[in-house]
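As the structure is a computational prediction, the values presented were derived from the model and not from experiment. Whatever order the structure lists them in is the order used to number ligands and atoms, beginning at 1.
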Amino acid sequence: MELDIIKREDPQVGELIEKELERQQNTIELIASENFTSEAIMAACGTVLTNKYAEGKPHKRFYNGCENVDKIEELAQERCKKLFNVGHANVQPHSGAQANMAVFLYAVKPGDTVMGMDLSNGGHLSHGSPVNFSGMYYNIISYGVDENGCIDYDEVEKLAEEHKPKLIIAGASNYSKIIDFKRFREIADKVGAYLMADIAHIAALVAAGVHPSPAGYAHFITTTTHKTLRGPRGGIIMCDEEHAAGIDKAVFPGLQGGPLEHIIAAKAIALKEASEPAFKEYAKQVVKNAKALAQGLMDEGMDIVGGGTENHLMTLDLRKFNKTGKDIANVLEKVGITANKNTVPNDPQSPFVTSGVRLGAAAVTTRGFKEEDMVEVAKIIASAVTASDNEQALKNLRERSLKLCQKHPLYKDMRH
Ligand code: DSN
C-alpha cells in the first residue's frame with residue numbers, strides 16, 4: 001500500500017488509513033462479512049484502471065481504448081465461470097445489493113410477489129426489507145427460521161403454494177446451517193418461480209466444495225466478492241446463457257454506469273486465488289475454526305443459536321444473561337474483538353438493540369488462527385460477557401486478545 005504517497009499528498013487521510021491498518025492488525029476481527037484481501041488484490045484496486053471508462057461489456061463498449069480492460073474483465077468472467085461451474089458471469093455489480101437489484105430488475109416487475117428470508121431471521125436488506133427498494137416495490141412474503149435457527153422447508157413450500165411468488169431467494173446474512181438449494185429449486189418449480197441463490201456469505205465455502213453449490217439449481221446466483229471469498233468489495237451475478245443478455249442489460253444500462261475496472265481486476269485476482277489448492281484448505285479451516293469457536297463458547301456456558309454452526313458464522317444468544325447484543329458488541333470492542341449485534345430468532349429486542357452478537361471466522365482464519373486460538377477467543381468472549389462491568393477484567397482480556405494478534409501478524413510487511 002502506497003501509504004507514504006498518500007500521507008505526502010494528504011496527511012489527514014493518510015494518517016487515518018494508517019490508524020485503520022493498525023486497528024486491523026491489533027484487533028480480532030469476527031465480523032462475519034469481513035476478511036483481509038491479499039496485498040496483490042489491494043494493489044490492483046489502486047492502479048491506473050481507476051481512470052478508465054468502459055460502459056458496456058468486453059468488446060461492446062461505448063468508449064474507445066478498452067483493449068486492456070476488455071481482457072481483464074474477460075479473465076474475471078472466465079475465472080468466475082470455472083470456479084463456480086456456471087455458464088455466464090457478470091462481474092460488474094458494484095456490490096452484492098446491486099447484484100440482487102439487477103436480478104430483481106430482470107426477473108420480476110414492480111408489484112410481483114417475491115419470497116425471501118426475513119431480515120430479523122437472518123435475511124438481507126435486499127431480500128425484501130420494507131426499508132429497501134426490494135420491500136418498497138415488490139410484494140414481499142418473508143419466511144423465517146425456527147427456534148433452532150433452521151429454515152423450515154415445509155413452511156417455505158406452504159407459503160410458496162399459497163402466495164405463488166415469481167422469485168424465491170435462498171441465501172442469508174446470518175444463517176449458520178447448510179442451505180438445501182435442491183429443495184428450494186423443487187419448491188420454485190412447483191409454483192413456477194425463479195430461484196435466486198445469494199451466496200454472498202458462503203461463496204468461499206461453495207467455491208471450495210465445503211458447502212453444496214447452488215449451480216444447477218438456482219436460475220441466478222449472486223455474491224459479494226469481499227466476504228469469505230476474500231476479494232475486493234464488490235458483487236457478481238452468475239446465471240445460464242439463457243439469462244445472460246437480460247442480466248447484463250439489467251446491470252448496464254439498467255442500474256449502473258461505468259464498471260469499476262480496477263475492482264474488476266482485483267476480482268480477477270481473487271478468483272485466481274480462490275481456485276488454488278491453498279484456498280480450499282483455507283475454506284476448510286474457516287469451518288473448523290467456526291466450529292471450534294462455537295464449541296468453545298458453549299463449553300464456557302454460552303448459548304449459540306441452533307447449538308453450533310455448519311459454516312463460517314454463528315449467533316451468540318445473550319438472553320439468559322439478560323444482556324443485549326448492542327451492549328456486548330461494545331464490550332467486545334473494549335477487549336479488542338470486533339463483531340456486530342444481531343437479532344436471535346424471535347428476538348424480544350429491537351433490531352437496534354438485539355439479544356445476539358454475530359460471530360464469524362473468515363477473517364481470523366486468513367491471519368492464521370487455528371482451533372486452539374479460537375478456544376482462547378471463546379474464553380475471552382465468555383469472560384467479557386460475564387465481567388462486562390469490571391473495567392480491570394476487561395483490560396486483562398484486551399491484553400490476551402492483543403497477544404493472539406501478535407501471534408498471527410497481519411500485513412506485517414506492509415509499508416507504513
Ligand atoms: N452487511 C453484510 C453483512 O454484514 O452480512 C450484508 O450485506
Ser388 and Lys323, any side-chain heavy atoms less than 4.5 Å apart = yes
In terms of ring plane angle, is the pair Tyr153 and Phe184 parallel, tilted or perpendicular, where the classes change at 30° and 60°?
-> perpendicular
With heavy atoms under 4.0 Å as the rule, classify the contact between Arg358 and ligand 1 as side chain, backbone, both or neither.
-> side chain
In this structure, atom 7 (O) of ligand 1 is nearest to the protein heavy atom His124 NE2, 2.8 Å
If we number the atoms of ligand 1 from 1 as shown, the ones under 4.0 Å from a heavy atom of Ser173 are 5 (O), 6 (C)
Using non-hydrogen atoms of the residue, decide whether Glu34 is closer than 4.0 angstrom to ligand 1.
-> no
In chain order, what residues pass the ring pair (Phe, Tyr, Trp, His ring centres under 6.0 Å) check against Phe369, with sequence neighbours excluded?
-> His408
Could you check atom 5 (O) of ligand 1 against the protein and tell me its nearest heavy-atom contact, residue, atom and distance included?
-> His201 NE2, 2.7 Å
Are the charged groups of Glu73 and Arg61 less than 4.0 angstrom apart, N to O?
-> yes
Would you check if Ile221 and Ile199 make a side-chain contact, meaning some heavy-atom pair closer than 4.5 Å?
-> yes
Just to confirm, does any protein heavy atom lie below 4.0 Å from atom 1 (N) of ligand 1?
-> no
